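Every value quoted in this text rests on a predicted model; they were computed, and no experiment measured them. Computed over heavy atoms, backbone and side chain alike; hydrogens, waters and symmetry mates excluded.
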Amino acid sequence: QVQLVESGGGSVQAGGSLRLSCVVSGDASSRYSVAWFRQGPGKDREGVAAINNYGVTKYVDSVKGRFTISRDNAKNTLYLQMNSLKPEDTAIYYCAADLRRWLLLQPGVAYNYWGQGTQVTVSS
């Protein structure tokens with residue numbers, strides 16, 4: 001009964017900021033490895049940022065220095081702080097979780113649980 005619910009999406013102008021949140025519910029929620037994915041129009045889905053249960057983080061090169069992933073285990077909540085947003089960041093953003101504590105966007109290893117997505121639109 002693992003559930004993930006994203007929030008915080010919206011429309012902003014280039015250079016603006018948004019913070020996405022994802023509440024993870026279910027047994028042992030704080031033990032999940034979690035990640036943010038996105039899929040923009042005409043683009044493939046990509047992993048944006050991840051943090052595993054050991055606290056190790058990983059970012060796609062295009063967002064390094066602009067996005068920060070963090071988690072609050074007491075609240076079972078994952079965050080993605082997005083600064084200096086660009087039009088190319090426009091996408092549906094999904095949070096994902098997995099009970100494998102070491103998971104960190106390793107190629108070919110899929111996350112088991114997914115949220116419904118939240119739309120982020122960045123205008124120029």
Discussion item. Under the criterion ring-ring contact (aromatic ring centres under 6.0 Å, His included), I'd like the reasoning laid out for Trp114 against Phe37: C-alpha separation, chi angles, the key distance, then a yes or no.
Written reply: CA-CA 10 Å; Trp114 292 80; Phe37 292 78; 4.7 Å; yes

Any side-chain heavy-atom pair from [X] and [Y] closer than 4.5 angstrom?
| X | Y | result |
| --- | --- | --- |
| Met82 | Leu80 | yes |
| Tyr32 | Asn76 | no |
| Leu103 | Val109 | yes |
| Arg38 | Tyr94 | no |
| Leu20 | Tyr79 | no |
| Lys58 | Asn52 | no |

Response to the item:
Interatomic distance, CD@Glu6 vs SG@Cys22, rounded to 0.5 Å, equals 5.0 Å

Discussion item. Closer than 4.0 angstrom, basic N to acidic O: yes or no for Lys86 and Asp89?
Written reply: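 Between Asp89 and Lys86 there is no salt bridge, as every charged N stays at least 4.0 Å from the carboxylate O atoms.
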
Discussion item. Given the ring of Tyr54, does Arg101 sit roughly above its face, with NZ or CZ under 6.0 Å from the centre of the six-membered ring and within 45° of the axis?
Written reply: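 Relative to the ring axis of Tyr54, which defines the angle, Arg101 lies inside both limits.
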
Worksheet item: Can you tell me if CD on Glu88 sees more than 12 non-hydrogen neighbours from other groups inside 6.0 Å?
Response: yes

Worksheet item: Is it true that a side-chain atom of Thr90 and a backbone atom of Val122 form a donor plus acceptor pair closer than 3.5 Å?
Response: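 Between the backbone of Val122 and the side chain of Thr90 there is a qualifying donor-acceptor contact (under 3.5 Å).
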
